[in-house]
Amino acid sequence: MIIQGDMLSRQEQNKYIAILRDKNIDQSLPIYVKSKYALNWADKSHIDKEFDNLLLYLFDCDVEPPIGEIPLFIKKQLNKKTS
């Protein structure tokens, strides 16, 4: 009840992270947590990846890869427009 009250009183909530061990998400999460960030650790084969996701979230790291080089066919199109 304490956590529920705290979560409902905050506009943005990043203090609590639900970690589920049950495959049935609808029955595992209380209604006030369903719209929040949660991790599903029911499938043990993906636990390493999910643990990495948890660490990235906790340390506020970007999970998107850096933008790569512009593809060659795009560079050619850009050169045509400027010529």
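- Distance check: Lys76 NZ to Lys81 NZ gives 16.0 Å after rounding to the nearest 0.5 Å.
- Checking Asp22, Leu20, Asn24 one by one against Leu29, the side chain to side chain contact (heavy atoms under 4.5 Å, CB included) holds for a single residue, Leu20.
- Between Ile17 and Tyr57, some side-chain heavy-atom pair lies under the 4.5 Å cut-off.
- Ile70 and Leu72 end up in different hydrophobic clusters when Ile, Leu, Val, Met, Phe, Trp and Tyr side chains are linked at under 4.5 Å.
- The structure places CD1 of Ile74 at 13.5 Å from CD of Glu69, a figure rounded to the nearest 0.5 Å.
- Within the 4.5 Å cutoff, no side-chain heavy atoms of Ile19 are placed close to those of Asn40.
- Side-chain contact between Arg21 and Lys44: present, with at least one pair of heavy atoms (C-beta onward) separated by less than 4.5 Å.
- The CH2 atom of Trp41 sits 9.5 Å away from atom CG of Asn53, with the distance rounded to the nearest 0.5 Å.
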